[in-house]
Amino acid sequence: MPELPEVETVRRGLEKLILGKKIASLEIRYPKMIKTDLDQFQKELPGQVVKSMGRRGKYLLFYLTDKVLISHLRMEGKYFYYPDQVPERKHAHVLIHFEDGGTLVYEDVRKFGTMELLAPELLEAYFLSKKLGPEPTEQDFDLEIFRGALKKSKKPIKSHLLDQTLVAGLGNIYVNEVLWRAKVHPASPSQSLTRAEATAIHEQTIEVLGQAVEKGGSTIRTYTNAFGEDGTMQDFHQVYDKTGEACSCCGAIIEKIQLGGRGTHFCPKCQRRK
DNA sequence: GAGGGAACCTGTTTGC
DNA sequence: TGCAAACAGGTTCCCT
């Protein structure tokens, strides 16, 4: 499910719901999703207080008293908070009970999501090891570094943008939108892009993700935020899942191809193949 | 080392 | 209608 805007929306929601709460106990029903030592995870979380909520790319960060819980929602992970009674749910995999009686439940139909518990001083090395690119903001996302990296790669630009090394946070929905807005064909080799095209992709990445955060993310299939509310960004999608519809820019019919094994939507007229 | 595809899971949609 | 195959928003591993 979630790309950066959805994760940011979840972060903001949780910030309102669980800040300052002390963890009383844990229930782990699907131990496989805990990627660091399970015993340690179960032993060290109780007693920790949620100090703040953070995010890096698509990773959700729970800053606790002296640990950081790193949660990745992958395709369909989501959080629900219950102030008292917790309904029985088939796909609830981790339940965090707080001392005040509230419970945070992690649900994930496809069980792809992961959780890790780390010492805060190891966080930087953790993201370094993942080769995670900069945040998609004017301050962090440097155009010249981006262009330099493109020049060194033959990868199709769409696959390259999805691998999180150029910039963090793009997923299959927004990468389609960014390339449509930048008028670049998704299969174009990275190194074939002109300066103007690279600049347009850089600019639209910041623009699209920023706009999507404002709209509370996109609700497609199953995503909702921590309050179970829908985002509205899907109303602004121009190509994603628009196969067979007319391009809002030129009227040509939006096409779908497979690229790197994933559905890829584009306008054959606006986004000419090189 | 770079790039492509499979694997991880389950539910839903599509096609015969 | 019923069944099987394809597909779904992410990341990582393995193979070439």
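A quick note: this is a predicted structure, and the numbers were derived from the prediction, not measured. Throughout, protein chains are lettered first and strands after them, A, B, ... in sequence-line order, and every chain is numbered starting at 1.
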What is the nucleic acid contact for A:Lys90, judged by heavy atoms within less than 4.0 Å: base, sugar-phosphate only, or nothing? sugar-phosphate
**Asked** By centroid distance (under 5.5 Å) and plane angle (under 30°), are A:Phe112 and C:dT11 in a stacked arrangement?
**Response** no
note: A:Arg89, atom CZ; B:dG11, atom C1'; distance rounded to Å ~ 15 Å
Q: Decide if the gap between the ring center of A:Tyr174 and the ring center of A:Tyr240 is smaller than 6.0 angstrom.
A: no
Taken to the nearest whole Å, CG/A:Leu166 to C1'/B:dG3 is 14 Å
Requested in this report: Give one of base, sugar-phosphate or nothing for A:Gly261, where a contact means two heavy atoms less than 4.0 Å apart.
Outcome: nothing
When rounded to whole Å, the NZ to P distance for the pair A:Lys78 and B:dT10 reads 14 Å
Between A:Glu6 and A:Lys58, is the closest basic N to carboxylate O distance under 4.0 Å? no
Select base, sugar-phosphate, or nothing to describe what A:Lys131 touches, counting heavy atoms under 4.0 Å on all strands.
nothing
note: A:Glu76, atom CD; C:dC7, atom P; distance rounded to Å ~ 17 Å
Taking C:dA8, C:dT11, B:dT10 as options, the one with an atom nearest any side-chain atom of A:Lys111 is B:dT10
Here the distance between atom P of C:dG10 and atom CG of A:Leu73, to the nearest Å, is 12 Å
To the nearest angstrom, the CD1-C1' distance between A:Ile70 and C:dG10 comes to 16 Å
Among B:dT10, C:dT11, C:dT12, the one nearest any side-chain atom of A:Lys130 is C:dT12
Rounded to whole Å, the CZ-C1' distance (A:Arg74 to C:dC13) equals 12 Å
Whole-Å distance, A:Gln191 CD to B:dA2 C1', equals 12 Å
_Whether the A:His72 and A:Thr114 side chains hold a donor-acceptor pair (N or O, under 3.5 Å, no angle test) is what I'd like checked._
no
Q. Using the benzene-type ring in the case of Trp, are the ring centres of A:Tyr79 and A:Phe62 under 6.0 Å apart?
A. yes
| message | Check this for me: does any side-chain nitrogen of one of A:Glu15 and A:Arg12 sit under 4.0 Å from a carboxylate oxygen of the other? | response | no
query: Step by step, would you call A:Tyr106 with A:Asp108 a side chain to side chain donor-acceptor pair (under 3.5 Å)?
result: CA-CA 7 Å; A:Tyr106 177 78; A:Asp108 189 344; 2.7 Å; yes
> In whole Å, what separates the P atom of B:dG11 from that of C:dT1?
Replying inline: 23 Å
- Query: Expressed as a whole number of Å, how far does the C1' atom of B:dG5 sit from that of C:dC7?
  - Reply: 16 Å
Expected list for residues 151-165 of chain A near DNA chain B, using heavy atoms below 4.0 Å, is A:Ser153, A:Lys154, A:Lys155, A:Pro156
Result for side chain to side chain contact (heavy atoms under 4.5 Å, CB included) between A:Asn176 and one of A:Val208, A:Val239, A:Asp241, A:Leu170 points to A:Val239
query = Are A:His72 and C:dT11 close enough that a side-chain N or O sits under 4.0 Å from OP1 or OP2?
reply = yes
Problem set entry | Heavy-atom side-chain contact between A:Leu123 and A:Tyr63 under 4.5 Å | yes
Should the side chain of A:Arg262 and the base of C:dA8 be counted as holding a donor-acceptor pair, with the cut-off at 3.5 Å? no
The nucleotide from C:dA8, B:dG11, C:dT12 with an atom nearest the side chain of A:Gln258 is C:dA8
